[in-house]
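Notes for the one structure printed next.
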Amino acid sequence: MISPEEEEVFFGSPVETFGSAVEQWMGDLEDAMRAAMHLELQLGIGSYVDASRVDWVLEHPAQVVINASQVHWTAEVEMALDEASVTRLALSLQDQMLALIGLLRKGISKLQKKTIGALVVIDVHAKNVVDGFVEERVFDKASFEWTSQLRYYWEQDDTDSENMWVKCMQTSFPYGYEYLGNSMRLVITPLTDLCYITLMGAQALNLGGAPAGPAGTGKTETTKDLAKALAKQCVVFNCSPEMDYIMVGKFFKGLAFSGAWCCFDEFNRVYIEVLSVIAQQLLVLFGKKAELLSYNDTAELEFEGAMVVMKPTFNVFITMNPGYAGRAELPDNLAALFRPVAMMVPDYALIGEIMLYAYGFKDAAVLAKKMVTTFTLSSEQLSAQCHYDYGMRAVKSTIEMCGKLKRELHHSTQEDQITLRALRDVNVPKFLQD
């Protein structure tokens, strides 16, 4: 398998395509992908303790590096809580993170930098969680502060084979083994954690998830990142008033058959008559899903005039922006099928700090605060123009420019000058004379 970033993961055995129908060898290919990711994860988790972490992260695919390190982080935290050695673990995690940031400054490949950048984002959150335990004096594995986190376990399941399971509160969800390449991960803020708790709870209740809030608060991105964390394919579809129940029914058939997720963006733009029919379609699918006792089972049902074999890992998420004109209220029978979660403005300074760390900046905390202050002043003091946007998207594009300049200029320019240049390059072209 070759990802868009040109990362390569090899299949355990070749897939024969000659002489078999397309749907047959495509199904075999999917099985081979999952088997390859299962094997890579098994190797990654097993070899983690044998090598130094700095060497280990360079030897495995990005997805394995992130998820295998989360399995070991979960085990380390639970051991530290049992032995009341959380403070020692907090110091150890700080050293691990600094070692990775030091590695980013060395002569490693572009692909390895991307892997370590994503791992730093996850590591910073892992460190912040343990630091929180030290401050709040949490020493119990059953405490809400620990059970509310996404926890990764490599354990035997009801098929008598070892698999990865992701747990949050009362929910246990099987890892999907979908190969997702080497992509950047979302910064996990307290708001992201709350969204994860709600969406993971929806899985256990056989409901969908419905993040709602203003534009630029990360509704769609958080849903996509949870799918990445669970290795599920997530199809994002931007809704429009032209959507009808036949088109949505076909979409649901594909989701149920493949066990994938979808995120309908701006769902309340669809006409209310269509929403009522969609509610009936989902009621059929979620009702059948609730009858299954295990995630490894499948169910056959008649849906929209066709027989569909449904995998219970499928789910539907919707995002809504209540502020815009021309948006419909969800009918009650549809709203009852989704767990709502309100998304408000995230902590830009924290997001900026962690993303700058991921690009190898040392003074990330100070630079992120200065950047956010600049955007706050811009939004308050500049004239109102329709193309001025000083929300999350502006912060993200500026930070990406910082990362690009850091790679190009390397050690020849100071970090504050790089940040200033990025702010100027991204924002000055937008400004108007008047």
Side-chain angles (χ1 to χ4, degrees), residues 148 150 166 168-171 173 186 188-230 232-241 243 245 247-249 251-252 254-256 259-290 312-346 392:
S148 63
L150 277 186
V166 185
C168 180
M169 301 304 295
Q170 310 299 315
T171 309
F173 195 81
L186 196 69
I188 303 170
T189 64
L191 178 68
T192 319
D193 274 331
L194 292 173
C195 190
Y196 283 175
I197 292 168
T198 308
L199 298 185
M200 286 293 281
Q203 305 291 343
L205 297 168
N206 294 308
L207 298 173
T217 50
K219 301 183 294 294
T220 311
E221 288 302 319
T222 305
T223 306
K224 282 164 61 182
D225 200 70
L226 180 60
K228 271 186 198 172
L230 302 174
K232 297 297 299 172
Q233 185 191 9
C234 183
V235 181
V236 178
F237 190 85
N238 201 278
C239 298
S240 68
M243 284 173 67
Y245 76 94
M247 171 189 172
V248 177
F251 214 107
F252 288 160
L255 289 174
W261 288 7
C262 79
C263 178
F264 287 114
D265 226 1
E266 307 284 5
F267 193 60
N268 47 349
R269 284 166 65 183
V270 181
Y271 287 130
I272 195 157
E273 309 88 81
V274 179
L275 292 177
S276 296
V277 182
I278 291 172
Q280 289 305 311
Q281 292 172 332
L282 279 174
L283 196 60
V284 170
L285 291 172
F286 286 168
K288 195 69 179 176
K289 183 175 161 182
T313 52
F314 99 95
N315 212 341
V316 178
F317 298 90
I318 59 175
T319 72
M320 293 176 293
N321 187 335
Y324 282 123
R327 300 291 194 273
E329 281 293 313
L330 291 191
D332 289 347
N333 62 340
L334 183 59
L337 298 174
F338 291 93
R339 281 197 85 185
V341 51
M343 302 285 283
M344 296 315 294
V345 180
M392 190 61 241

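Because only heavy atoms are used, hydrogens play no part in the values below, and waters and symmetry mates are left out as well, while side chains stay in.
A donor-acceptor distance shorter than 3.5 angstrom exists from the side chain of Lys219 to the backbone of Gly213, with no hydrogens or angles considered. Remark: the backbone N or O of Gly259 is paired with a side-chain donor or acceptor of Lys232 at under 3.5 angstrom. Checking side-chain atoms of Gln233 against main-chain N and O of Trp261 turns up no donor-acceptor pair under 3.5 Å.
For the pair Asn238 and Arg269, the minimum side-chain heavy-atom distance is below 4.5 Å. Proximity of Leu226 to Leu150: side-chain heavy atoms (C-beta onward) are separated by under 4.5 Å at one or more points. Using a 4.5 Å heavy-atom threshold, the side chains of Phe264 and Val270 count as separate.
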Practice task
Kindly indicate, with the supporting measurements, whether the criterion side chain to side chain contact (heavy atoms under 4.5 Å, CB included) is fulfilled by Met200 and Phe173.
Solution key: CA-CA 8 Å; Met200 286 293 281; Phe173 195 81; 4.0 Å; yes
Practice task
Starting from the C-alpha separation in whole Å, work towards a yes-or-no answer on side chain to side chain contact (heavy atoms under 4.5 Å, CB included) for Leu330 and Met320.
Solution key: CA-CA 10 Å; Leu330 291 191; Met320 293 176 293; 3.6 Å; yes
Exercise for the section: Show the numbers, then the answer: is there a side chain to side chain contact (heavy atoms under 4.5 Å, CB included) between Leu334 and Phe267? Expected result: CA-CA 11 Å; Leu334 183 59; Phe267 193 60; 3.5 Å; yes
Problem - Trace of the side chain to side chain contact (heavy atoms under 4.5 Å, CB included) decision for Leu194 with Val341 - result: CA-CA 8 Å; Leu194 292 173; Val341 51; 5.6 Å; no
Exercise for the section: Under the side-chain hydrogen bond (donor to acceptor under 3.5 Å, both in side chains) rule, what do Thr223 and Thr220 come out as? Steps first, then yes or no, please. Expected result: CA-CA 5 Å; Thr223 306; Thr220 311; over 6 Å; no
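Counting all heavy atoms, side chain and backbone alike, Gly208 lies closest to Ala202 at O-CB, 3.5 Å. For the pair Ala210 and Leu199, the tightest heavy-atom approach, listed with the atom from each and the gap, is N-CD2, 4.4 Å. Across all their heavy atoms, Ala256 and Leu285 have their closest contact at CB-CD2, 4.3 Å. Annotation for Ala229 and Val166: closest pair O-CG2, 4.4 Å, computed over non-hydrogen atoms. Here the closest heavy-atom approach between residue Ile272 and residue Pro331 is recorded as CG1-CG, 4.2 Å. Closest heavy-atom contact between Gly218 and Met343: O-CE, 3.7 Å.
With rounding to the nearest 0.5 angstrom, the OH atom of Tyr271 is 13.5 Å from the SG atom of Cys239. The line from SG of Cys262 to CZ of Phe252 is 6.0 Å long, rounded to the nearest 0.5 Å. Atom CD of Gln170 is separated from atom CG of Leu205 by 10.5 Å, given to the nearest 0.5 angstrom. Atom CG of Leu283 is separated from atom NZ of Lys288 by 13.5 Å, given to the nearest 0.5 angstrom. Residue Asn268 holds its CG atom at 8.0 Å from CD1 of Ile318, rounded to the nearest 0.5 Å.
For the residue pair Gln203 and Asn315, a side-chain donor N or O sits within less than 3.5 Å of a side-chain acceptor on the partner.
Applying the ring pair (Phe, Tyr, Trp, His ring centres under 6.0 Å) test to Phe338 and every residue at least two apart in sequence or in another chain returns nothing. The side chain to side chain donor-acceptor pair (under 3.5 Å) test applied to Thr198 returns no partner, not counting sequence neighbours. Legend: residues meeting side-chain contact (heavy atoms from CB on, under 4.5 Å) with Met169, ordered by chain and number and at least two apart, are Phe144, Thr147, Ser148, Ile197. By the ring pair (Phe, Tyr, Trp, His ring centres under 6.0 Å) test, Phe314 is found to be paired with no residue, residues two or more places apart in sequence or in another chain being considered. Under the side chain to side chain donor-acceptor pair (under 3.5 Å) criterion, Thr319 pairs with Asp265, sequence neighbours left out.
Screening residues 330-346 for salt bridge (charged side-chain N to carboxylate O under 4.0 Å, His left out) gives no qualifying pairs among residues at least two apart or on separate chains.
In this structure, Phe251 has its ring center closer than 6.0 angstrom to the ring center of Phe237.
For Lys224 and Glu221, the salt-bridge test passes: some basic side-chain N is under 4.0 Å from an acidic carboxylate O.
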